[in-house]
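What follows is a short report on a single structure.
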Amino acid sequence: MATSPTTAGPAPWRKLFLEHVQAMPVPEFSLSTVRKVNSSGTTAAYYAPRARTCVFRGLFAGLPVNPKNDAELNPEVYDSDFLSFTTDCRMDKMAELFGVEPGGGGGRDARLDGSGGGAPVEAAFWVKEKGTQWRVRGTAHVLAPDVEDTPEGRQVIATLMARMRKKDPDSGSGSDSEGKGWSFAREITAQFGNLSPLMRGSFRNPPPGTPVALPVADDRLGLGQKVTSLDDEVARGNFRVVVIVPEEVDCCDLSDMEHGRRWIYTFVGDRSTPAAPGALIQDGWEKVEVWP
């Protein structure tokens with residue numbers, strides 16, 4: 001890779017966050033985005049909130065082990081603090097992840113078919129088993145099949161690599177030693193392989209959000225399909241991995257309602273002096289305890 005990974009250690013919130021998420025029966029979270037909407041009858045636009053439930057698919061480059069996944073996996077070279085989830089590129093939220101106006105009379109924005117994004121999002125987890133709420137705020141980046149072949153895809157790679165880290169920081173430096181054999185395209189395929197055949201088949205559903213009364217133009221599309229292949233043309237064409245690069249993490253522990261506690265972690269990079277009263281800086285993050 002041409003872009004060198006960070007030398008910082010794991011985020012100070014990472015270990016506890018993973019412990020909490022792993023305690024959830026299903027690691028669901030609410031994804032909030034901002035949608036640009038045209039006002040009816042005018043050229044003015046306004047911004048409206050949108051939220052939906054998604055499933056956490058692990059921290060990027062640290063795919064959860066699934067013995068039924070027969071995809072080739074990347075070597076264990078990199079690690080990250082990025083949240084990942086999967087989605088269908090035909091979903092409404094794609095315009096929000098890219099920060100563009102949804103297609104109207106002019107049709108769909110061609111940028112939504114490839115890699116890109118970078119719009120602000122928030123992922124909120126309520127971990128009932130631990131009595132703790134986690135809110136992760138950052139930017140969302142979409143990995144499409146073109147991620148290694150287009151300028152937009154290479155820009156996404158550069159953005160992610162700047163905050164990824166090597167699992168073995170002593171294994172040398174330079175592009176050849178930093179991730180030789182590690183591929184973003186392979187990671188996308190591994191994410192697809194980690195899904196069940198029925199979930200893979202959901203990417204062959206009719207276009208999401210279109211009226212059921214309208215005919216489906218492509219006879220390959222339909223509900224309830226099971227996909228066992230990793231190379232299904234239709235499903236892979238619609239499949240996307242989304243990576244959230246966190247800028248702020250808000251952890252509110254209400255397991256003891258009489259003594260609730262809350263911490264806010266803010267990514268500060270190389271800054272060494274805390275800005276908030278009582279704050280500490282560790283591995284590029286400022287941590288401050290606040291009232292819940």
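- One distance of note links CG of L83 with CG of L59; it measures 6.0 Å at 0.5 Å rounding.
- Here the shortest heavy-atom pairing between N205 and G224 reads OD1-N, 4.3 Å.
- Of the charged side-chain nitrogens involved, none lies within less than 4.0 Å of a carboxylate oxygen, so that R111 and E152 do not count as a salt-bridged pair.
- Counting heavy atoms from C-beta on, the side chains of R236 and T189 come closer than 4.5 Å.
- In this structure, the side chains of V249 and I264 stay at 4.5 Å or more apart for every pair of heavy atoms.
- Linking Ile, Leu, Val, Met, Phe, Trp and Tyr whenever their side-chain heavy atoms come within less than 4.5 Å leaves V288 and V136 in two separate clusters.
- Cluster membership for V147 and V77, using ILVMFWY side-chain heavy atoms within less than 4.5 angstrom, is shared.
- Just one of R220, R200, R204 meets the side chain to side chain donor-acceptor pair (under 3.5 Å) condition when paired with D232; it is R204.
- Y78 does not carry R165 over the face of its six-membered ring by the limits of under 6.0 Å from the centre and within 45° of the normal.
- At least one donor-acceptor pair closer than 3.5 Å links the side chain of R108 to the backbone N or O of L112.
- Note: the hydrophobic cluster containing F192 also contains F82 (ILVMFWY, side chain heavy atoms under 4.5 Å, direct or indirect links).
- One side chain, S84 or Q191, offers a donor N or O that lies under 3.5 Å from an acceptor on the other.
- By the neighbour-count criterion of 12 heavy atoms within 6.0 Å, atom CD of E76 is sparsely surrounded, having that number or fewer from other residues, nucleotides or ligands.
- Interatomic distance, CD of E101 versus OH of Y47, reported as 8.5 Å (0.5 Å rounding).
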- Start with the C-alpha gap between E289 and R261, add the side-chain angles, then the distance that decides, and say whether salt bridge (charged side-chain N to carboxylate O under 4.0 Å, His left out) holds. CA-CA 8 Å; E289 185 168 7; R261 302 184 71 182; 2.8 Å; yes
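- Ring centers of F29 and F125: under 6.0 Å apart, within the cut-off.
- Salt-bridge formation is not detected for the pair R186/E148: no Lys NZ or Arg NE/NH1/NH2 atom is positioned less than 4.0 Å from an Asp or Glu carboxylate oxygen.
- Judged purely by atom type and a 3.5 angstrom limit, D250 has no side-chain atom pairing as donor or acceptor with the backbone of R135.
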Side chain to side chain contact (heavy atoms under 4.5 Å, CB included) for Q133 and V127? Distances and angles first, verdict last. CA-CA 6 Å; Q133 176 181 259; V127 186; over 6 Å; no
Distance-only donor-acceptor pairs under 3.5 Å for side chains of residues 8-20, two or more places apart:
| from | atom 1 | to | atom 2 | distance (Å) |
| --- | --- | --- | --- | --- |
| R14 | NE | S80 | O | 3.2 |
| R14 | NE | D81 | OD1 | 3.1 |
| R14 | NH2 | D79 | OD1 | 2.6 |
| R14 | NH2 | D79 | OD2 | 3.4 |
| R14 | NH2 | S80 | O | 3.2 |
| K15 | NZ | E19 | OE2 | 2.7 |
| H20 | ND1 | W134 | NE1 | 3.0 |

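- Using a distance-only test at 3.5 Å, with no hydrogens or angles considered, a donor-acceptor pair links the side chain of N69 to the main chain of A190.
- Checked for salt-bridge contact, R137 and E247 miss the test: no charged N lies under 4.0 Å from a carboxylate O.
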Please assess R50 against D92 for the test salt bridge (charged side-chain N to carboxylate O under 4.0 Å, His left out), listing each intermediate value before the final yes or no. CA-CA 10 Å; R50 293 288 187 270; D92 278 349; over 6 Å; no
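- The side-chain contact (heavy atoms from CB on, under 4.5 Å) test with F239 is passed by exactly one of T87, V227, L195: L195.
- Within the 4.5 Å cutoff, the side chain of P25 has heavy atoms near those of the E129 side chain.
- V121 approaches T139 most closely through the heavy-atom pair CG2-C, 4.4 Å.
- Residues S196 and K68 have side chains not in contact (no heavy-atom distance under 4.5 Å, counting atoms from C-beta outward).
- Residues I244 and L63 fall into different hydrophobic clusters, defined by Ile, Leu, Val, Met, Phe, Trp and Tyr side chains chained together at heavy-atom separations under 4.5 Å.
- Looking only at atom types and distance, the side chain of S255 has no donor-acceptor partner in the side chain of K130 under 3.5 Å away.
- When all heavy atoms of W263 and D253 are compared, the pair lying nearest together is CZ3-CB, 4.1 Å.
- Judged purely by distance below 3.5 Å, without hydrogens or angles, the side chains of R240 and S115 never pair a donor atom with an acceptor atom.
- Panel note: side chain R163, backbone P246; a donor-acceptor pair is recorded below 3.5 Å.
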- Task: Check the pair F60, F85 against ring pair (Phe, Tyr, Trp, His ring centres under 6.0 Å), reporting the backbone distance first and the verdict last.
- Result: CA-CA 9 Å; F60 187 68; F85 66 96; over 10 Å; no
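- Of all heavy-atom pairs between W126 and M24, the closest is O-CE, 4.0 Å.
- Distance check: S183 OG to I157 CD1 gives 8.0 Å after rounding to the nearest 0.5 Å.
- For the pair L160/V245, a side-chain contact is recorded, criterion being any heavy-atom separation below 4.5 Å from C-beta on.
- Defined by atom type and a distance below 3.5 Å, a donor-acceptor pair is present between the side-chain atoms of R52 and T33.
- If you chain together hydrophobic residues whose side chains sit under 4.5 Å apart, F98 and M91 never meet in one group.
- The shortest heavy-atom contact between V242 and L97 is CG2-CD1, 4.0 Å.
- Of all heavy-atom pairs between T132 and C251, the closest is CG2-SG, 3.8 Å.
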- Message: Quick one, F56 with E28, criterion side chain to side chain contact (heavy atoms under 4.5 Å, CB included). Give me CA distance, side-chain angles, the key distance, then yes/no.
- Response: CA-CA 6 Å; F56 175 63; E28 296 175 338; over 6 Å; no
Side chains of residues 266-282: which donor-acceptor partners sit under 3.5 Å, not counting sequence neighbours?
| from | atom 1 | to | atom 2 | distance (Å) |
| --- | --- | --- | --- | --- |
| R271 | NE | T273 | O | 3.0 |
| R271 | NH2 | E286 | OE2 | 2.7 |

| request: Show your reasoning for whether side chain to side chain contact (heavy atoms under 4.5 Å, CB included) applies to W285 and E248. | output: CA-CA 9 Å; W285 290 83; E248 185 175 271; 5.7 Å; no
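- Using a 4.5 Å cut-off on side-chain heavy atoms (C-beta onward), V34 and P49 make no contact.
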